[in-house]
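See structure below.
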Amino acid sequence: AKRDPGTSYRFYDRHLHVSAGYQLRLEADLRTALRGRELELYYQPRIDLATEEVRGVECLLRWNHPERGLVGPDEFIPVAERSGLIVPIGYWVIEQACQRLQESADLGFPGLVFAVNLSFRQFHDRKMTETIFRIIFNANVDTSLLELELTESAMMHDPEYAQRCLRELNQLGISFALDDFGTGFSSLSNLQHLPISLVKIDKSFVQELGHSADAEHIIRAIISLAHSLQISVVAEGVETEGQLEFLRQQHCDEIQGYYYARPMPWHDLVQFLRSRGQS
Ligand code: C2E
Ligand code: CA
Ligand code: CA
Ligand code: CA
């Protein structure tokens, strides 16, 4: 296929449904990417609404394709999940995040939380806990600064196994966030039975603020439910002052969104933290 520099980010998207051959090609490319250091983490700050400080960052995967430019996760994670490649990729992400976590303390930003996304597919790996344990042990990081984000779909394949993984990792000090909360198969019992310390309100609700009274009601309800269970709330996809003000009034704990900062490469994040005088 021909390269179109202006839309290189969408390259795979346009062809995604073309053929099985194309899927295989993408899969092979991804394997090469994992071996060849073409994957990179971007970091998006999460701001504490009460202190205005950067509480932590979400690590978001990017693929620096040598010819196609920056490819976003929505384009390749589904393929990585279908092929199982998300398992080794997921471990690479945790490893990389742990390395940056160490580095951030050395740079004078101790206490920064690093949040990493886990795919439902990673819970099919029977060695999940022991592999993650090995990674954090080797990296020698403060596990209380490591947060894993999962969606409720992670619990569907084998709820008992997934629950056990969460418990074991939680005992090591790792905390968990429920991502995209309010979409999909939300089951309130998850909040009660799993070691979840944070929920992330999906950006689809945040972006409806001002356009839909329902979105306001849903966000209010999520925050009050979470707080009554001693669970913190992060709103994602915050882009405007209006959204921010509403969330502040509702005592949302943290926000993440373009309003404060987009996901950025590591060196830009370091600049960002320095410019805010954060330490
Ligand atoms: P997510 O976990 O819900 O991550 C938040 C997404 O919202 C990110 O998209 C982020 O760039 C975007 N976002 C943040 N603030 C705003 C905003 O103000 N406006 C808008 N329109 N968007 C905002 P991104 O980086 O493209 O990632 C998409 C999804 O890919 C993530 O959704 C997550 O499900 C998945 N993903 C990313 N990295 C990883 C990874 O390392 N492992 C796994 N399994 N999934 C990942
Ligand atoms: Ca997430
Ligand atoms: Ca989300
Ligand atoms: Ca998502």
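Both counts, for ligands and for their atoms, begin at 1 and track the order of listing.
No side-chain donor-acceptor contact under 3.5 Å links Glu58 and Tyr43. Between Lys203 and Gln256, the side chains place no donor N or O within less than 3.5 Å of an acceptor N or O (distance only, hydrogens not considered).
By the criterion of a heavy-atom distance under 4.0 Å, the side chain of Gln207, and not its backbone, is placed next to ligand 1.
Between His227 and His251, a ring centre-to-centre spacing not shorter than 6.0 Å is recorded.
Near Asp180, the atoms of ligand 1 lying under 4.0 angstrom from a non-hydrogen atom of the residue are 3 (O).
Take the N/O/S atoms of Asp180: the one nearest the Ca ion (ligand 3) is OD1. In Glu236, the N, O or S atom that comes nearest to the Ca ion (ligand 3) is OE2.
One finds an angle of 90° at the Ca ion (ligand 2) between OE1 on Glu149 and OD1 on Asn117, to the nearest 10 degrees.
The aromatic rings of His124 and His157 lie parallel to each other, with less than 30° between the two planes, well short of the 60° mark.
Checked by distance only, ligand 1 and Glu149 stay at 3.5 Å or farther apart across all their nitrogen or oxygen atoms. Note: no N/O pair closer than 3.5 Å links Leu118 and ligand 1 by distance alone. Considering backbone and side-chain N/O atoms, Tyr259 never comes within less than 3.5 Å of an N/O atom of ligand 1. Residue Asn117 places at least one N or O, backbone or side chain, under 3.5 Å from an N or O of ligand 1.
A heavy-atom separation below 4.0 Å is not found between Arg262 and ligand 1. At least one heavy atom of Glu58 sits closer than 4.0 Å to an atom of ligand 1.
Around atom 39 (C) of ligand 1, the closest heavy atom drawn from Leu39, Ile255, Ile77 belongs to Ile77. Which of Trp92, Tyr260, Tyr258 comes nearest to atom 22 (N) of ligand 1 through a heavy atom is settled by distance: it is Tyr258.
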